[in-house]
Asks: 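Encoded as structure tokens, here's the structure I'll be asking about.
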2 protein chains.
Amino acid sequence: MKKKITLKHIARELGVSISTVSKALKNSEEIGSDTKEKVQAFAKLYNYKPNNIAISLKNKRTKNIGVIIPDIVHHFFTTVFRGIEKYANAKGYNVIVCVSDESFDREVINMELLANGSIDGFIMALSAGTQLKNDYNHLKEVTEQGIPIVLFDRVTEDIKCDKVIINDKKGAYNAVTKFIKDGRKRIAMITTEDYFSVSRERAAGYREALSDNGIAYNEDLILKFPSMTIDEKVIEDFFNREKVDAVLSVNEIFAIHSMRLVQSKGLKIPEDISFIGFTDGLLSKYASPGLTAVAQHGEHMGEIAAEMLIEKVESELEEETYTTRVLEPTIIERGSTVN
Amino acid sequence: MKKKITLKHIARELGVSISTVSKALKNSEEIGSDTKEKVQAFAKLYNYKPNNIAISLKNKRTKNIGVIIPDIVHHFFTTVFRGIEKYANAKGYNVIVCVSDESFDREVINMELLANGSIDGFIMALSAGTQLKNDYNHLKEVTEQGIPIVLFDRVTEDIKCDKVIINDKKGAYNAVTKFIKDGRKRIAMITTEDYFSVSRERAAGYREALSDNGIAYNEDLILKFPSMTIDEKVIEDFFNREKVDAVLSVNEIFAIHSMRLVQSKGLKIPEDISFIGFTDGLLSKYASPGLTAVAQHGEHMGEIAAEMLIEKVESELEEETYTTRVLEPTIIERGSTVN
DNA sequence: GAAGGCGACTAAAACGTTTTCGGTAATATT
DNA sequence: AATATTACCGAAAACGTTTTAGTCGCCTTC
């Protein structure tokens with residue numbers, strides 16, 4: 001086992017000082033060309049690579065980005081992550097991922113762990129627990145220490161930082177408008193409780209589209225789940241009770257479940273009932289019929305988040321200007337709607 | 001912006017030495033109880049947290065694990081990752097993820113980047129590019145530096161290290177055996193080229209099950225794709241050409257595509273044709289009918305990989321014993337097969 | 001021949017810890 | 001009273017870099 005070689009080893013071996021070696025490897029003008037050659041040759045021979053940790057300690061810069069997401073086994077988050085990783089890697093940054101598992105406590109613990117020098121900044125989507133608790137002190141503490149944060153998708157007004165979201169309201173608005181143009185009258189919405197910022201926005205878009213088209217808002221057509229987990233029975237009751245001809249779902253899973261249910265009741269999609277779901281994931285693509293989806297462009301979102309964060313990290317000056325980038329959603333039409 | 005507080009600050013403020021502070025915070029017996037109280041109170045007040053980087057430099061231990069996977073937007077890998085993250089986190093480790101994007105070069109670059117002090121060990125699944133090139137020198141170099149590696153799922157004989165895989169051969173064997181028990185005669189297999197270790201194993205299981213049941217192996221019933229991407233036309237030609245009553249697919253995507261195709265040709269699943277796919281992911285669960293799947297237990301695999309790695313990292317002694325853990329696959333029965 | 005400049009290199013501090021080895025004073029032991 | 005013990009604390013090295021501030025000898029220059 002050949003141990004890692006350090007500047008000190010090279011210096012001792014070559015009978016020069018550590019600083020000379022350091023400078024020679026950086027091709028500094030200060031060092032004579034023969035010494036430089038000698039050092040560089042030796043370093044190459046022994047495959048010298050500077051120790052990242054030592055450099056981090058010196059520069060107070062780790063070139064690591066901390067990413068905290070509620071769940072990794074979730075298509076949208078992984079696409080965002082891919083965008084982050086791609087951009088960060090190209091800029092020479094590594095990505096440390098922690099999963100909050102939708103829990104406030106785990107989010108806090110993970111942030112505290114990483115905030116002690118391991119990373120230069122955070123990119124995160126708030127956990128359900130955090131949004132429920134509405135407590136953002138852990139974020140505040142981090143920003144007060146001068147560690148920048150970029151929030152994506154699940155954000156909050158309470159924290160001053162850069163954010164990147166999609167225009168969820170518009171996404172819902174456009175989806176509902178499409179339903180109406182297609183002649184649908186009884187448009188249902190399947191969603192989660194309002195403590196998710198995204199659910200609120202989407203609900204707002206839904207209502208606005210109805211009202212703009214002179215359709216009365218009907219509370220009975222809203223099916224709300226308290227969490228991401230689903231209760232078959234509740235869905236079944238809902239569709240038995242209400243007569244609907246279009247469904248906007250806040251995620252894929254709810255939509256797919258509903259589609260299978262109405263199909264089993266003999267309804268035809270999209271003739272009898274249309275579906276549009278948020279998040280253009282695998283399920284939408286491979287459902288039968290394919291589920292028309294509001295694409296959230298996760299990968300692009302991730303790239304932008306990484307770009308914003310690295311920009312902040314690398315800018316020397318401490319401007320206190322924060323921006324929110326709003327991406328436009330697009331509707332990917334598939335077989336679950338008429339076209 | 002309150003800057004991070006260090007031992008030095010506390011020492012200066014309290015008029016004691018740095019070592020005293022350090023020891024006081026560790027509740028060392030060497031320090032008088034009043035000094036300890038004073039220091040601890042001060043540290044608590046100013047929310048002192050030791051700098052991870054400095055500790056890493058000192059201990060030559062980062063408490064970081066490097067994970068290198070071919071793709072993050074891939075259900076199996078994310079489940080494995082979840083297992084890794086969960087276990088590692090519980091043990092106080094953080095996880096740095098790099099995505100090789102199935103490319104040999106990116107795998108090499110990422111490993112070199114992380115190997116310079118950023119991590120204590122690697123957990124990885126080989127990229128397609130690496131398996132194709134059959135070049136594992138980057139792994140060798142890392143292990144020679146004393147950095148442990150755990151390979152999962154996509155492994156190679158050429159590297160001496162801990163490994164965790166599922167019994168792919170047995171998974172395929174069981175699936176085909178089930179088909180035969182169900183009375184199927186013309187059993188097709190959809191797979192990728194053989195340079196994936198998993199594809200080879202599964203193909204072997206397929207052949208063995210046929211031969212054990214006295215069914216001749218028929219090359220024409222094997223559909224091979226050169227990569228993970230799919231060509232609709234090729235699938236269509238295949239099913240137009242060959243009459244098959246059961247299909248074993250090496251992944252979900254191939255299976256789902258095929259199911260939709262045969263359904264559009266008017267065949268009934270599972271009456272006319274049965275399907276089993278590897279990787280029990282979202283698609284299998286939500287397809288209609290549901291796709292019977294060979295579950296790979298990704299999360300468990302991740303936990304084991306993390307356990308093995310941390311074990312190696314924390315064991316002082318340098319034993320040169322490497323083990324391979326083989327997990328048993330299970331068949332999750334759904335509507336795509338009769339039962 | 002003194003002052004200055006330059007080329008080539010080194011010493012040392014700094015980043016923030018941990019830890020070993022002393023050191024000093026007070027107390028206990030003979 | 002001399003010595004040993006103990007309690008408490010600090011100095012300094014070490015981890016591997018980078019960088020500032022020299023040092024030293026030699027060559028110009030007036």
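Lettering of chains follows the sequences in order, A, B, ..., and the numbering in each one begins at 1.
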Asks: Could you tell me whether T6(A) contacts a base, only the sugar-phosphate backbone, or nothing, with contacts defined as non-hydrogen atoms closer than 4.0 Å?
Replies: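 Touches sugar-phosphate only.
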Asks: Which nucleotide, dT19(C), dA12(C), dC9(C), lies nearest any side-chain atom of E30(A)?
Replies: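 In terms of side-chain proximity for E30(A), the closest of dT19(C), dA12(C), dC9(C) is dC9(C).
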Asks: Give the rounded distance in Å between these two atoms: CG of N51(B) and P of dA14(C).
Replies: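 Value for this atom pair: 17 Å.
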Asks: Considering only heavy atoms and no angle criterion, is a donor-acceptor pair shorter than 3.5 Å present between the side chain of K58(B) and the base of dT17(C)?
Replies: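 Under the 3.5 Å cut-off, the side chain and the base do not form any donor-acceptor pair.
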Asks: Measure CD1/I18(B) against C1'/dC15(C) and give the value in whole Å, please.
Replies: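 The distance from CD1 of I18(B) to C1' of dC15(C) comes to 11 Å, rounded to the nearest Å.
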Asks: With a 4.5 Å limit on heavy-atom distance, are the side chains of M111(B) and L139(B) in contact?
Replies: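 Yes; the side chains approach each other to less than 4.5 Å.
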Asks: Quick one: do R154(A) and E102(A) make a salt bridge, cutoff under 4.0 Å?
Replies: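 Salt bridge: yes.
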Asks: Name the residue closer to the 5' end of DNA chain D, choosing between G32(B) and A54(B) according to the nucleotide with the nearest heavy atom.
Replies: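 Result of the comparison: G32(B).
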Asks: L57(B) or V21(B): which one's nearest nucleotide on DNA chain D is closer to the 5' end?
Replies: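 Checking each residue's closest nucleotide, the 5'-ward one belongs to V21(B).
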Asks: Taking only the side-chain heavy atoms of S17(A) (C-beta and beyond), determine which of dG16(D), dT18(C), dT10(C) contains the nearest atom.
Replies: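 Closest nucleotide among those given: dT10(C).
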Asks: Before accepting this row, confirm whether a basic side-chain N of the pair D71(B)/R82(A) lies closer than 4.0 Å to the acidic partner's carboxylate O.
Replies: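 Looking at R82(A) together with D71(B), the answer is yes, because their closest N to O distance falls below 4.0 Å.
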Asks: Run the side chain to side chain donor-acceptor pair (under 3.5 Å) test on E107(B) and S127(B) for me, step by step, so that the C-alpha distance in whole Å, both residues' side-chain angles and the decisive distance to 0.1 Å come before the verdict.
Replies: CA-CA 7 Å; E107(B) 192 175 288; S127(B) 74; 3.1 Å; yes
Asks: What is the distance, rounded to the nearest whole Å, between atom NZ of K63(B) and atom P of dT17(C)?
Replies: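 That distance rounds to 17 Å.
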Asks: Using a heavy-atom cut-off of under 4.0 Å over every strand shown, decide if S56(B) touches base, sugar-phosphate, or nothing.
Replies: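 Nothing, no nucleic acid heavy atom in range.
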Asks: Measure NZ/K4(B) against P/dA14(C) and give the value in whole Å, please.
Replies: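 Rounded to the whole Å, the gap is 22 Å.
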Asks: NA contact type, K23(A), heavy-atom cut-off 4.0 Å: base, sugar-phosphate, or nothing?
Replies: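 The residue K23(A) makes base contact.
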Asks: Can you identify which nucleotide, out of dT17(D), dC9(C), dG10(D), has its nearest atom closest to the L7(A) side chain?
Replies: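 From the listed options, dT17(D) comes nearest.
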Asks: Does D120(A) come within less than 4.0 Å of K63(A), counting only side-chain N to carboxylate O?
Replies: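 Not counted as a salt bridge, because no side-chain N and carboxylate O are separated by less than 4.0 Å.
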Asks: Hey, does I55(A) reach any base, or is it just sugar-phosphate, or nothing, if we go heavy atoms under 4.0 Å?
Replies: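 If one applies the 4.0 Å heavy-atom cut-off, I55(A) turns out to touch the sugar-phosphate alone, with no base involved.
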Asks: Between R12(B) (CZ) and dG10(D) (P), how many Å, whole number?
Replies: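 Going from R12(B) (CZ) to dG10(D) (P), I get 15 Å.
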Asks: Calculate the interatomic distance between I53(A) atom CD1 and dT18(C) atom C1'; express it in whole Å.
Replies: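 Those two atoms, CD1 and C1', are 16 Å apart.
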Asks: Are any of T20(B)'s side-chain N or O atoms less than 4.0 Å away from OP1 or OP2 of dC9(D)?
Replies: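 For dC9(D), OP1/OP2 do not have a side-chain N/O of T20(B) under 4.0 Å.
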Asks: Quick one: I5(A) CD1 to dT17(D) C1', roughly how many Å, whole number?
Replies: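 Answer to the nearest Å: 15 Å.
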Asks: Report yes if a side-chain nitrogen or oxygen of K60(B) is closer than 4.0 Å to either non-bridging phosphate oxygen (OP1 or OP2) of dG16(D); otherwise report no.
Replies: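 Indeed, a polar side-chain atom of K60(B) lies that close.
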Asks: Starting from P on dG16(C), measure out to NZ on K49(B) and report it in whole angstrom.
Replies: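 About 17 Å, once rounded to whole Å.
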